[in-house]
Each structure stands twice: as structure tokens, then as C-alpha cells.
Trainee: 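Sending over a structure as C-alpha cells; questions will come in a sec.
Just so you know, these numbers come straight off a predicted model, no measurement behind them.
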Amino acid sequence: MATKQKGSSNGVKQVEAPANGAPQLEIRNPVTQELIGYVPIHNAEEVRAAAERARAAQPAWEARSAKERAYMLRCWGDLLWQKRAELMRIIRSETGKNETGAFLEVYGVHTAALWLYHNAPRILRPQNRMPLIPVIQRAKVYFKPHGVVGCITPWNYPLYNGFIDLIPALVAGNSIVVKPSELSPFTTQFCVDLMVQAGIPKEVVQMVTGDGSTGAAVIDNVDYVSFTGSTATGRKVAERAAKRLIQYTLELGGKDPMIVLEDANLELAASGTIRSALENSGQACVSTERVYVTAPIYDKYIERLMFYARQIKIGAGDGFDVDMGSMTHEREVKRVEAHIKDAVEKGAELVYGGQRRPDLGPLFIEPTILTGVTHDMDVMREETFGPVIAIMKVKDADEAVRMANDSEYGLSGAIFTRNLARGEQLARMLRNGDIGINRTYAVAGSHALPWGGRKESGLGRRGGPEGLLRYVQPQSILIDTTIGAIPGLTLLDTLTFNTLLVLRVLRRYIPFL
Ligand code: NDP
């Protein structure tokens, strides 16, 4: 990397502008607007060089056992945990989020590393499979890494959304080129530096910084792309990856519904709505954005929701008692304001919040509750990505499911009901990647579960065995012992022909054959 380095093994972090006038990004604290530092805008040539370094380092990394790689990642997770105070400060300085949010990022990634440590070696172990002709032949499937994986990550959870994709790719034997969002590179930098301290060879994880053009160059130079970000950018990523015929996963936006049925525990449903919609000031792909409440309990639900909303403590202060921090970027606040304005102009009622709080910082906005919304309002159609709860009264569960499915997105969702069996039945009717019953954020932190979107919310899954196996290509190897083999010029010599006929009959009755 061309620029001067300070305090970083990777050469990215800088506290002073480069003297040579190289293109750079200024990173600012969204709450104080203070300058945190500079990072270079790596051009296509620099990204190519980073990918080449990663490619050269990959075979030796792959040659280690999955157990050893997973152990190194567990050591790295332990380091994250030890240094969590410093790491949480960095996350908060880049995003403006509260202390709880920063803590949960560290906790989530640390426990993901532990899950991989315990499970990845088993999942990646070569498997014996049934060959065409049992006994005489043996068949095995090996799981081979793609090579170099490009991880393009967003700013809303700079640790969690970056590293729960990155670490399984490493455990699977790939090397990495990671490109964090231009708003939050220093969290990634800190964690990549800790990987070197944990014993992971420096060249195996390459970090590049910059804007969308740097992200595009990553796609041009890697063998697999893991992207987390907006649906609009995800589409560009897919097109670019398709040109090179490389695989990718896309974790994109959401417009997540919550259904509150008449038999719900209203205290849990109302407080759960607040918790889910306001986490990270609503800047979460899996946050609740639409709420469908059945008519019999509608008024009572709104009353309880307002009760909890009034207790929300907003601010930039430290401590786990601050419920909501700042938003991260002016363009995000502007979109939230535009959605509120559009809804009110089309007849919705703003029953709580909706104003900026400049007394707390430039990007604070109050928790906002809108009622009487309809599906022709932006707030029910487009991703708001802010602390806005839009609530619609519905006749019954059927109408709730129909409305919840009336969306281009299909990421996460929630149903509140005391009838767990009915809840599960309704959940299966929702076209979303995951559903929590009496729980929001169903999959975050449950590392055995696959997580990802349907429809425009994404392609592929992170988490669980599915999230690990996307980073490998199965390779089948068939070994013929040559017992009884005779040279032949056609596929069907007499012996093979008769053997296959016998096997056909046996295979009608013996499932594992
Ligand atoms: P963006 O889509 O703008 O950016 C995501 C990443 O892609 C950033 O690193 C960005 O770089 C990079 N990028 C931008 N343009 C290109 C390009 N042409 N080619 C390759 N990479 C590019 O999303 P945000 O960072 O603004 O994140 C917010 C959005 O992400 C929301 O819509 C949210 O719902 C979604 N999201 C989805 C998640 C999920 O798990 N499904 C999780 C978190 C967020 P740069 O920042 O430098 O422009």
C-alpha cells in the first residue's frame, strides 16, 4: 500500500493526511464530527496486488488442518474479547451506536468463532459416499476452498457484519481481501491486526480501503464474493461477479414485518417491537419496520408501545442504560425524514417522535411511531433503515400474513402469539429467510442457524453449516480397486452390465445403496 502507516500492521490506518497527496478518505465520528483518521482509496492496481499477495499465501493456509485454522480463529476471538473495551470504543467512534450495540457485536463475533472452532472441522471433514458399484469402488467428497474470498462489508455493524462472513471463509481454507465500508474502516483494521497477533499469517488477510470503485476492483480479482450491503449495490455486485462466473452471496436489505396476534403477551410484543425497531437506531437489516396488529388488541398494543417508547433513553453517553445512540450518516437521516414526511402526507398519523435531536448530536432522531399507514407509502415499501415503527391494523392472522408477504423484501420477521403451534404454522407461510416467534432478531447470535434473505433481500446464507459450506467447492473422488476389472472398449462390458442390473433391483429396496 502506498501510504504512510501508523499503528497498523496492514498499512491502512493513518492519523495524518498523506504528504504525497495520494487519494484518501477522511473518517469522522458521526456524533462529534471529529476527524478519526484517514485511509487511502486503493485503486484497481493496488487491489490486484493485495489479491495476489492473498493468492500466494493461500496454499500454505489451506495446507493446515481445518482444526488448526479454527483454533487460530478461536485464539483471535479470545483476543477480541480481551480487548473489547478498546474495540467497542472504535466501533462507537465510527458508527455513533450505543455501548450495548458495540458490546453485542463483539460478543456475537466471539461466539461465532467458538461455534466454528467446535463444528467446522467436522463439517469440512471429507465424506464417504456411495459409488456406482459398491465394494469394488470407493467414493469420497472433499471440500476445497475457492482460493481468495473478497468480503465487502457495510458500516452498520462494522464488526459483526464483516467478520461473521470473513471468519468461516478463513476456517474453510481461503485467504481474504476485505473491503470495509468507507465510513467504518478502523474497526476492520483493528480486528485484522489482532488476527496477526493470533498467529494468522499477515498475507492471508489483506485489507483494502476506499469507495465503491475499490469494492468493484475486489470483485475483479477474487474467486468468491461475500457482500453485505444495500439491494441496489448487491445487484451491481451480482452483475460484475456473473461476468467473471464467480460465485457470490448477497446479504441485502430488509423490510421486516412483525405480526401481533390477539392472544399475544402485549408487554412482550410492545417492548419487543421497541427493541427490534430501535436497535442500532433502526440501522439493521433485520430490524422490525412494519407491524401488523390484529383488530381486537390494536388499541391496547398502541398504548403499551407508547408506554415503552416514552422510556427510551437516547444519547451518546456510555453505559448499558442508554437505549439508542446516533444514526451514522446524514443521508440515512434524510431518508428517514423523507419516509416520515411521505407517510404523513399520504394520511398516516405521527403519534410519537419524528424530530431530530440536535441537542444530542447532528444525527440523532427520536424514536418514531406512525399509525394508519398503508402499503402505498414509502415507509411500508422501501427500507427505512432508521428508528421508525409503522403500524397497521389488520382484521385477522390471514390478512396479517398476506400483508407481511406483500413486499419485495424477504429477510427476517416475527410473530407474537401465546399459541406456539399456530405461530409456527403461520411462520411457515411467510416468505422470509427467518422468523422469530415471540422473539425478534431470531437468528443473530444463533450461530447454528442459516441466515439470509429471500426475494430482493439476498442470495445464499451466512451462519450454520450452510454459511460455512458456501466457501468450499465439493470435489468428488472415485477410487476403483480394479477387483475383477477387465479391459473393455465400451462402458457396458458383460460383467458391468449384469452388475448394474442386479444393483438396479437392490436399489429399489435398499435406501442407502
Ligand atoms: P452499500 O450497498 O452502499 O455498501 C456496502 C459495501 O459495498 C460498502 O463497503 C461499499 O463501499 C461497497 N460498494 C459500494 N458500491 C460498490 C460497487 N459498485 N461494487 C462493489 N462494492 C461496492 O450499503 P451500506 O454500507 O450503505 O449499508 C446499508 C445497507 O446494507 C442497507 O440497505 C442494509 O439493509 C444493508 N445491509 C444488509 C445486511 C444483511 O445482512 N442483509 C446487513 C447490513 C446492511 P463504500 O461504503 O465505500 O461505498
Side-chain angles (χ1 to χ4, degrees), residues 254-279 282 284-312 323 343 348-349 351-353 367-375 377 379-380 384 387-407 409-446 449 451 453-454 457:
K255 189 76 205 167
D256 298 340
M258 176 189 288
I259 294 175
V260 184
L261 297 180
E262 55 282 2
D263 66 345
N265 177 329
L266 280 188
E267 301 307 321
L268 290 183
S271 59
T273 311
I274 296 279
R275 201 160 45 187
S276 172
L278 305 188
E279 152 59 21
C285 50
V286 292
S287 66
T288 297
E289 297 215 351
R290 302 177 283 150
V291 187
Y292 302 98
V293 186
T294 50
I297 41 104
Y298 180 82
D299 293 340
K300 185 75 182 156
Y301 168 83
I302 299 286
E303 188 257 299
R304 298 316 294 159
L305 189 68
M306 300 279 276
F307 168 80
Y308 287 110
R310 282 189 203 101
Q311 295 174 37
I312 294 290
D323 302 303
E349 195 181 344
V351 296
Y352 192 81
T368 301
I369 302 176
L370 290 164
T371 58
V373 293
T374 61
H375 274 211
M377 297 172 184
V379 78
M380 296 300 269
T384 305
V388 178
I389 307 170
I391 305 161
M392 198 166 166
K393 190 196 285 189
V394 290
K395 189 161 64 82
D396 53 20
D398 285 347
E399 187 182 1
V401 168
R402 202 167 56 248
M403 299 309 282
N405 279 335
D406 178 24
S407 174
Y409 293 103
L411 192 53
S412 188
I415 299 175
F416 278 79
T417 174
R418 284 192 169 88
N419 185 337
L420 304 186
R422 184 169 178 236
E424 195 173 332
Q425 188 190 17
L426 293 172
R428 294 174 62 196
M429 294 163 71
L430 293 180
R431 293 196 287 275
N432 296 58
D434 67 81
I435 307 290
I437 295 167
N438 298 322
R439 184 91 205 171
T440 54
Y441 281 73
V443 286
S446 304
L449 295 182
W451 167 3
R454 295 173 68 172
S457 287

Trainee: Checking T294 side chain against E262 main chain: does a donor-acceptor pair fall under 3.5 Å?
Mentor: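 Looks like yes, one N/O pair under 3.5 Å.
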
Trainee: Please name all residues satisfying ring-ring contact (aromatic ring centres under 6.0 Å, His included) with Y292, sequence neighbours left out, ordered by chain then number.
Mentor: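 Y292 satisfies ring-ring contact (aromatic ring centres under 6.0 Å, His included) with H375 once adjacent residues are dropped.
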
Trainee: How long is the straight-line distance from CD1 of I389 back to CE of M258, given to the nearest 0.5 Å?
Mentor: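 Atom-to-atom, M258:CE and I389:CD1 are 8.5 Å apart.
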
Trainee: Under 6.0 Å from the ring centre and within 45 degrees of the ring axis: does the NZ or CZ of K255 meet both conditions for the six-membered ring of Y409?
Mentor: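 No cation-pi geometry.
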
Trainee: Quick one: CD1 on I415 to CG on L426, what's the gap to the nearest 0.5 Å?
Mentor: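 Here the interatomic distance stands at 5.0 Å.
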
Trainee: Could you check if a side-chain atom of M306 sits within less than 4.5 angstrom of a side-chain atom of I369, using non-hydrogen atoms only?
Mentor: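 Yes; the side chains approach each other to less than 4.5 Å.
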
Trainee: Rounded to the nearest 0.5 Å, what's the gap from OG on S287 to CZ on R275? Could you check?
Mentor: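 S287 atom OG to R275 atom CZ measures 14.0 Å (nearest 0.5 Å).
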
Trainee: Do the side chains of R290 and I391 get nearer than 4.5 Å, heavy atoms only?
Mentor: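 Of all side-chain heavy-atom pairs linking R290 with I391, none is under 4.5 Å.
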
Trainee: Report the distance from atom OG1 of T417 to atom CG of D263, rounding to the nearest 0.5 Å.
Mentor: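 Rounded to the nearest 0.5 Å, the OG1-CG separation comes to 3.0 Å.
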
Trainee: Can you name the nearest heavy-atom pair linking D256 to S412, along with the distance?
Mentor: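 Nearest pair, atom of D256 first, then S412: OD1-N, 3.1 Å.
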
Trainee: Is any side-chain heavy atom of T371 closer than 4.5 Å to a side-chain heavy atom of Y352?
Mentor: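 In short, these two side chains do not touch, never coming nearer than 4.5 Å.
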
Trainee: Any donor and acceptor pair, going by atom type alone, linking the side chain of D434 with main-chain N or O of W451 inside 3.5 Å?
Mentor: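 No, the answer is negative, given that no donor and acceptor are paired below the 3.5 Å cut-off.
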
Trainee: Please enumerate all residues that pass side-chain contact (heavy atoms from CB on, under 4.5 Å) together with R428, with sequence neighbours excluded.
Mentor: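 By the side-chain contact (heavy atoms from CB on, under 4.5 Å) rule, R428 matches no residue at all.
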
Trainee: Taking side chain as C-beta onward, heavy atoms only, is N265 less than 4.5 Å from R418?
Mentor: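 Contact flag for N265/R418 side chains = yes.
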
Trainee: Of the non-hydrogen atoms in P367 and I312, which two are nearest, and what is the gap between them?
Mentor: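 Shortest heavy-atom contact: CG-CG2, 3.9 Å.
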
Trainee: Considering non-hydrogen atoms only, spot the tightest contact between V286 and S276 and give its length.
Mentor: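 Looks like O-OG, 4.2 Å.
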
Trainee: Quick check: closest heavy atoms across Y298 and M392, and the distance to 0.1 Å?
Mentor: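 Reported closest heavy-atom pair: CE1-C, 4.2 Å.
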
Trainee: Quick one: does M403's side chain get under 4.5 Å of V394's, heavy atoms only?
Mentor: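 Yes. Closest side-chain heavy atoms under 4.5 Å.
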
Trainee: Under a 3.5 Å distance rule, please check whether E289 uses its side chain to pair with a backbone N or O of T384 as donor and acceptor.
Mentor: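 Pair found, side chain donor or acceptor close to backbone of T384.
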
Trainee: A side-chain contact here means heavy atoms from C-beta on lying under 4.5 Å apart; do L261 and F416 qualify?
Mentor: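 When only atoms from C-beta onward are counted, F416 and L261 do not touch, as no gap falls below 4.5 Å.
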
Trainee: Can a side-chain donor-acceptor contact be found between T273 and Y301 if the only test is distance below 3.5 angstrom?
Mentor: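 Short answer, yes.
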
Trainee: At their closest point, which heavy atom of E399 faces which heavy atom of K395, and how far apart are they?
Mentor: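 Shortest heavy-atom separation between E399 and K395 comes out as OE1-N, 2.7 Å.
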
Trainee: Could you measure the distance from the CZ atom of R310 to the CD1 atom of I274? Nearest 0.5 Å is fine.
Mentor: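 Going from CZ on R310 over to CD1 on I274, the span is 10.5 Å.
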
Trainee: Nearest heavy-atom pair of L305 and A270: which atoms, and what distance?
Mentor: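 Here L305 and A270 meet closest at CD1-O, 3.5 Å.
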
Trainee: Is the closest side-chain heavy-atom distance between D323 and L278 below 4.5 Å?
Mentor: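 The answer is no, as the side chains (C-beta and beyond) never meet within the 4.5 Å cut-off.
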
Trainee: Taking the side chain from N419 and the backbone from R422, do they hold a donor-acceptor pair closer than 3.5 Å?
Mentor: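 Flag set: sc N419 to bb R422 pair under 3.5 Å.
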
Trainee: Quick one: pull up CG in N438 and CG in L268 and give me the separation to the nearest 0.5 Å.
Mentor: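 N438 CG to L268 CG: 7.0 Å, rounded to 0.5 Å.
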
Trainee: Assess whether side chain to side chain contact (heavy atoms under 4.5 Å, CB included) is satisfied between I259 and V293, documenting all intermediate values.
Mentor: CA-CA 6 Å; I259 294 175; V293 186; over 6 Å; no

Trainee: Can you find a heavy atom in the side chain of L370 that is under 4.5 Å from one in the side chain of V373?
Mentor: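 A side-chain contact exists here, since the closest heavy-atom pair is under 4.5 Å.
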
Trainee: Looking at F307, does the NZ or CZ of R304 lie under 6.0 angstrom from its six-membered ring centre and within 45 degrees of the ring axis?
Mentor: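 Yes, a cation-pi geometry.
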
Trainee: So does L420 get a backbone contact from the side chain of E424, meaning a donor-acceptor N/O pair under 3.5 Å?
Mentor: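 Absent.
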
